[in-house]
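Chain letters run A, B, ... following the sequence lines, proteins first and then strands; every chain starts at 1.
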Number of protein chains: 2
Amino acid sequence: MTVTPQPESDARAAIHRGTVSRQTEAILRDMVLDGTLAPGERLNEVTIADSLGVSRGPLREAIQKLAGEGLLQLKSHRGAFVRKYEPREIIEAYELRIALELYAVRLVIERADDESLAALRVLLETDAPGTPGTTIPPTPPLDPGAEVPRTAGPYVAELDFHQRMVSLSGNSAITAAALKVNHRLYLALTHTERTQARREHANDEHLAFLDALCDRRTADATRLLEEHLQASLANTLSVLGLEPLTSTHRSTPSEDLHHA
Amino acid sequence: MTVTPQPESDARAAIHRGTVSRQTEAILRDMVLDGTLAPGERLNEVTIADSLGVSRGPLREAIQKLAGEGLLQLKSHRGAFVRKYEPREIIEAYELRIALELYAVRLVIERADDESLAALRVLLETDAPGTPGTTIPPTPPLDPGAEVPRTAGPYVAELDFHQRMVSLSGNSAITAAALKVNHRLYLALTHTERTQARREHANDEHLAFLDALCDRRTADATRLLEEHLQASLANTLSVLGLEPLTSTHRSTPSEDLHHA
DNA sequence: GGTCTGCCAACTGTCAACAGTTTGCAGTTG
DNA sequence: CAACTGCAAACTGTTGACAGTTGGCAGACC
């Protein structure tokens with residue numbers, strides 16, 4: 001109803017919905033994101049191909065594509081596994097997200113019109129967990145199947161708001177990159193709950209940020225967004241029982257990240 | 001015989017150098033980046049598979065992966081084409097690059113050790129076009145075949161310096177994203193020459209930026225880098241005979257980039 | 001002469017079968 | 001009884017062949 005390109009509109013459209021390869025890719029992505037395939041799990045090609053009613057060829061092509069998006073991990077002669085993110089990788093993905101959003105904010109303030117900015121506020125008010133998949137940005141440069149599934153994880157609304165904000169930059173390259181890293185973060189954090197306190201804080205931060213954004217106060221918006229993202233990352237880390245990477249490495253001169 | 005990953009190091013290593021799929025992927029990427037396959041050109045699967053001595057299966061898997069990286073474009077039932085970037089897309093890719101590098105600078109200043117920073121200076125001094133492929137970052141999270149080819153285009157040294165700087169952030173996600181967008185920009189701009197004046201300016205800007213970076217003056221380094229990147233983008237646009245997007249949209253409230 | 005229609009060739013998308021590798025297990029041996 | 005070796009099953013990697021679609025070309029028709 002909202003933004004998702006509805007498949008059930010026409011039966012003929014469903015038949016012609018791209019090739020088997022693309023359909024398989026979309027279905028696989030959903031299966032990975034909604035947990036049907038658990039992180040670390042191995043994908044048996046014949047089993048999955050059989051259950052989807054397709055051959056191994058298109059399935060393998062879909063697997064290649066998802067591996068390129070960071071959702072699967074390929075091991076030579078061992079097959080494909082659902083990507084299991086290490087704590088360090090979660091932090092790195094988060095930092096990538098921060099990099100994208102911080103610059104996107106500047107573009108949004110420069111370019112977005114008032115209506116679009118105002119429309120963002122609606123996303124914060126309808127914070128109920130019942131809102132179904134509104135995750136697709138208006139101009140998705142990725143494939144049409146790239147959508148966050150309907151199983152409402154704790155991060156869906158959060159990611160959705162941010163993704164929409166980024167898409168207002170009008171830059172489809174940045175938007176696509178953000179969507180991809182958001183998918184990865186969703187996969188990595190989908191079973192991570194946030195504390196209630198954090199949840200309320202997050203909403204306040206969103207509102208403050210949005211106010212600055214609508215007033216086109218670039219410096220304030222940027223600062224508020226970064227503080228919000230850093231706080232969100234810190235909460236995630238604490239829930240996961242990890243210590244923040246961002247404060248430990250400055251003392252040690254080398255050796256710290258040279259081995260990766 | 002053309003671009004094949006060097007087999008003469010060890011016969012056994014050549015045999016076990018990944019699967020045919022991966023080799024094909026690396027070779028294809030090189031062929032796209034070095035212009036063997038021209039932008040807009042269509043890839044005939046049987047011809048290419050034949051010339052590489054592989055079957056269509058692995059070739060198609062490689063094509064899927066390169067399409068995911070933005071180097072190829074897939075058209076349903078029409079095949080794969082070398083991606084031909086529109087002016088707008090070039091600008092968007094450039095902005096994505098800016099977003100990544102601006103945040104990377106902060107991480108570099110926080111985390112990189114003095115030696116690594118000093119090592120960057122060497123890249124600027126050996127500006128001769130004879131320096132062979134040093135394009136791989138220390139920690140390439142992409143596949144081992146992902147390198148800017150040896151055909152020294154005008155942007156190779158430029159991109160190389162920036163890529164190395166980004167890799168010093170220690171963040172492999174950001175580094176991988178930067179590498180990917182740099183590949184795209186290389187493909188889009190490989191036949192674009194820079195003015196001599198711009199060339200000298202660029203070097204000066206690099207040096208000034210590097211000084212600020214080594215002194216860990218975050219604000220200065222960030223500002224200098226952004227000015228440098230904006231100037232570089234402006235030069236590229238002028239060479240291409242385009243007008244900058246970044247200055248036209250602020251006045252018009254909407255309608256400017258809503259159609260994309 | 002221009003335009004439209006129907007056919008044909010080329011190519012992509014898909015499938016089923018073959019070959020090589022890995023992993024786990026059973027048997028054997030010290 | 002533990003550890004090592006060899007085998008076998010399962011699965012991935014690869015291949016060649018089949019079917020459906022697209023685009024162009026020739027011929028007919030207006």
Side-chain angles (χ1 to χ4, degrees), chain A residues 11-29 31-32 37-38 40-68 71-83 143-145, chain B residues 4-5 7 10-28 31-32 37-38 40-68 71-84 143-145:
Chain A
R12 221 159 337 271
I15 292 174
H16 232 32
R17 176 81 96 92
T19 77
V20 175
S21 236
R22 303 299 183 84
Q23 290 184 37
T24 306
E25 178 190 331
I27 294 176
L28 248 194
R29 196 187 342 261
M31 288 175 70
V32 170
L37 299 167
E41 186 176 342
R42 166 139 158 262
L43 276 64
N44 188 322
E45 292 185 358
V46 292
T47 304
I48 294 181
D50 227 40
S51 78
L52 294 182
V54 302
S55 190
R56 281 179 56 215
L59 174 63
R60 281 177 64 89
E61 290 178 8
I63 287 175
Q64 296 293 328
K65 210 124 186 242
L66 292 194
L71 297 179
L72 297 179
Q73 182 175 21
L74 297 160
K75 296 184 181 178
S76 207
H77 291 279
R78 299 267 332 267
F81 297 77
V82 179
R83 193 81 152 81
D143 318 85
Chain B
T4 322
D10 187 5
R12 219 159 338 272
I15 292 175
H16 232 33
R17 182 86 84 103
T19 77
V20 175
S21 234
R22 302 301 182 83
Q23 290 184 39
T24 306
E25 177 190 330
I27 293 174
L28 248 194
M31 288 174 72
V32 170
L37 299 167
E41 186 176 342
R42 166 139 158 263
L43 276 67
N44 187 320
E45 293 184 358
V46 292
T47 303
I48 294 180
D50 226 40
S51 78
L52 294 182
V54 303
S55 191
R56 280 180 56 215
L59 174 63
R60 281 177 63 90
E61 290 178 7
I63 287 175
Q64 295 294 327
K65 210 122 187 244
L66 291 194
L71 297 179
L72 297 179
Q73 182 175 19
L74 297 158
K75 296 184 181 179
S76 209
H77 291 279
R78 299 268 333 267
F81 298 75
V82 179
R83 193 80 153 80
K84 199 171 189 177
D143 318 85

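Annotation: side chain of B:Leu43 is not in contact with side chain of B:Met31 (no heavy-atom distance under 4.5 Å). Looking at heavy atoms from C-beta onward, B:Val82 lies in side-chain contact with B:Leu72 at the 4.5 angstrom threshold.
Looking at residues two or more places apart in sequence or on another chain, you find no side-chain hydrogen bond (donor to acceptor under 3.5 Å, both in side chains) involving B:Gln73. The side-chain hydrogen bond (donor to acceptor under 3.5 Å, both in side chains) search around B:Ser21 returns B:Glu61, not counting sequence neighbours. In this structure, the side-chain contact (heavy atoms from CB on, under 4.5 Å) partners of A:Arg78, at least two apart in sequence or on a different chain, are A:Lys75, A:Phe81.
Nearest heavy atom pair, residue A:Leu74 against residue B:Arg22, reads CB-NH2, 3.3 Å. Listed here is the closest heavy atom pair of B:Asn44 and B:Val46: OD1-CG2, 2.9 Å.
Counting to the nearest Å, the P atom of D:dT21 and the CG atom of B:Leu74 are 19 Å from each other. Taking atom CG of A:Asp50 as the reference point, atom P of C:dT14 lies 17 Å away to the nearest angstrom.
Summary of helix geometry: the two end axes of the helix from C:dG1-D:dC30 to C:dG30-D:dC1, each defined by five base pairs via their C1' atoms, are inclined to each other by 10° (rounded to 10°).
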Reading nucleotides 6-15 of chain D from 5' to 3' and marking B where a protein heavy atom lies under 4.0 Å of the base, S where only the sugar-phosphate is that close, and - otherwise, the string is -----SBBBB

Taking only distance into account, with no hydrogens and no angle test, what donor-acceptor pairs under 3.5 Å do side-chain atoms of residues 50-59 of chain A form with protein atoms, sequence neighbours excluded?
{"unit_1": "A:Ser51", "atom_1": "OG", "unit_2": "A:Ile48", "atom_2": "O", "d": "3.0"}
{"unit_1": "A:Arg56", "atom_1": "NE", "unit_2": "A:Glu45", "atom_2": "OE1", "d": "3.0"}
{"unit_1": "A:Arg56", "atom_1": "NH2", "unit_2": "A:Glu45", "atom_2": "OE1", "d": "2.9"}

